[in-house]
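To keep things clear, I will list the structure first and then write my remarks on it.
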Amino acid sequence: MIPLEQLLENAESHRRQSGLPLVTLSYAQSLDGSITAKRGKPLALSGPESTRITHQLRALHDAILVGIGTILADDPQLTVRLVEGKNPRPVILDSALRIPLGARLLQRRENIPWVAAIDSADVGRQKQLEKMGVRVLRFPQNEEGNVSIHLLLERLAKEGINRLMVEGGARVIGAFLAAGLVDRAVITIAPCFVGGLPAVELGNSFSMTEFPLCRLREMRSEMAGHDLVIWGKVINEKKRIVNC
């Protein structure tokens with residue numbers, strides 16, 4: 001059984017010392033590293049056993065973060081349904097406030113989402129979302145015109161978020177890894193080949209030669225049905241080397 005509580009321990013002291021939440025990256029991929037067959041088209045990769053682990057992981061986090069691309073493609077609920085536990089607060093990276101007003105996340109009565117947008121995002125749209133109970137957090141845009149995730153994490157820490165789960169999509173995963181902001185990883189590998197969108201996608205300001213080496217330490221693995229689940233602590237190294 002995956003010791004999820006042990007993997008995430010000391011999150012509060014981590015927040016006090018670093019000024020950031022403990023960040024857990026979690027997603028499912030195929031054997032060839034794909035998270036879907038085509039951008040904008042959801043693909044169910046996880047089996048029931050590994051999906052249950054994902055819901056257990058959600059229940060242990062204060063908040064869960066995805067990008068607007070995931071909202072537009074999947075319209076997810078981001079709730080804890082397969083196990084007993086509290087739903088985490090959804091946090092949506094949505095620089096231009098594109099989240100549809102009919103999204104399932106916006107129909108919730110508790111833990112209504114926080115949406116992170118850039119300062120220049122439409123004010124009228126913000127007012128519409130706020131009428132639905134959504135809290136809009138604004139930030140200066142980074143060099144790619146998006147929300148700075150480091151500033152967002154600092155804000156979440158000040159709001160008392162100790163544990164943040166990041167589920168994707170590919171650009172969000174790439175941004176967190178490139179910034180060296182991932183502390184833990186729980187990755188599900190489904191026994192199939194997809195030939196689709198890779199799990200890690202970098203923005204225009206980053207190249208693979210600049211991408212930091214992120215190693216998984218204290219790594220363990222376990223079969224969950226037909227899927228392989230790998231987890232551990234993420235250690236970020238400044239220099240990229242090849243002997244992985």
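This structure is a prediction, so every number in the text was calculated from the model and none was measured.
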Indicate every side-chain donor-acceptor pair of residues 112-121 with a distance under 3.5 Å to a residue at least two apart or in another chain.
none

Using the rule that Ile, Leu, Val, Met, Phe, Trp and Tyr join whenever any side-chain heavy atoms are under 4.5 Å apart, tell me whether [X] and [Y] fall into a single cluster.
X    : Y    : value
V147 : V123 : no
L164 : I149 : yes
I53  : V80  : no
L93  : L105 : no
V234 : M219 : yes

Would you mind writing out the side-chain donor-acceptor pairs for residues 62-72 within the sub-3.5 Å range, not counting sequence neighbours?
| unit_1 | atom_1 | unit_2 | atom_2 | d |
| --- | --- | --- | --- | --- |
| D62 | OD2 | N162 | N | 2.9 |
| D62 | OD2 | R163 | N | 2.9 |
| T70 | OG1 | G169 | N | 3.0 |

Between [X] and [Y], what is the shortest heavy-atom contact and its length?
X    : Y    : answer
P191 : D227 : CD-OD1, 3.4 Å
I2   : E222 : N-OE1, 3.5 Å
S30  : C192 : CB-O, 3.2 Å
L151 : P140 : CD1-CD, 4.0 Å
I235 : R217 : CG1-CG, 3.2 Å

Interatomic spacing from [atom1] in [X] to [atom2] in [Y] - rounded to 0.5 Å:
X    : Y    : atom1 : atom2 : value
S18  : L153 : OG    : CG    : 9.0 Å
H55  : S50  : NE2   : OG    : 10.0 Å
D94  : L137 : CG    : CG    : 11.5 Å
I35  : Q29  : CD1   : CD    : 9.0 Å
F139 : L152 : CZ    : CG    : 4.5 Å
N236 : C214 : CG    : SG    : 4.5 Å

Linked hydrophobic residues, L82 as query - side chain contacts closer than 4.5 Å: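 Taking Ile, Leu, Val, Met, Phe, Trp and Tyr as members, L82 stands alone, with no cluster partners.
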Residues that, via side-chain heavy atoms closer than 4.5 angstrom, fall in one hydrophobic cluster with L43: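 Reading the cluster by chain and number, L43 sits alongside L45, V194.
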The single option from M165, R184, R52 passing side chain to side chain contact (heavy atoms under 4.5 Å, CB included) against L57: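 In the set M165, R184, R52, the residue that makes a side chain to side chain contact (heavy atoms under 4.5 Å, CB included) with L57 is M165.
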Of L101, L97, D122, V134, the residue whose pairing with Q128 passes side chain to side chain contact (heavy atoms under 4.5 Å, CB included):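 Between Q128 and the candidates, side chain to side chain contact (heavy atoms under 4.5 Å, CB included) is satisfied uniquely by L101.
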Partners passing side-chain hydrogen bond (donor to acceptor under 3.5 Å, both in side chains) against [X] (at least two apart in sequence or in another chain):
X    : value
E84  : none
R81  : T79
D74  : none
D183 : none

Steps toward salt bridge (charged side-chain N to carboxylate O under 4.0 Å, His left out) verdict (E167, R58): CA-CA 10 Å; E167 284 200 7; R58 287 178 178 178; 2.8 Å; yes
E154 and L20: CA distance, side-chain angles, deciding distance, side-chain contact (heavy atoms from CB on, under 4.5 Å) verdict: CA-CA 5 Å; E154 289 181 344; L20 306 172; 3.7 Å; yes
What residues, two or more places apart in sequence or in another chain, satisfy salt bridge (Lys or Arg N to Asp or Glu O under 4.0 Å) together with [X]?
X    : value
K86  : none
E201 : R39, R171
R104 : D75

If only atom types and distance count, is the side chain of [X] paired as donor or acceptor with the main-chain N or O of [Y] below 3.5 Å?
X   : Y    : value
R15 : A157 : yes
T51 : G47  : yes
S26 : V186 : yes
S34 : G196 : yes

Validation: residues 3-12 side-chain donor-acceptor distances under 3.5 Å, sequence neighbours left out:
| unit_1 | atom_1 | unit_2 | atom_2 | d |
| --- | --- | --- | --- | --- |
| E12 | OE2 | R16 | NH1 | 3.3 |

Does any part of the side chain of [Y], heavy atoms only, come nearer than 4.5 Å to the side chain of [X], both counted from C-beta?
X    : Y    : result
Y27  : T188 : no
R138 : Q126 : yes
S221 : L228 : yes
V172 : V166 : yes

side-chain contact (heavy atoms from CB on, under 4.5 Å) between E49 and H226, intermediate numbers included: CA-CA 8 Å; E49 295 86 356; H226 295 294; over 6 Å; no
Side chains of R108 and Q77, donor plus acceptor under 3.5 Å: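 Their side chains do not contain a donor-acceptor pair, so the 3.5 Å distance test is not met.
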Q141 and N146 side chains, donor-acceptor separation under 3.5 Å: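 Absent: no donor and acceptor within the cut-off.
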Cationic N near anionic O, under 4.0 Å, R135 to E159: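 E159 and R135: salt-bridged.
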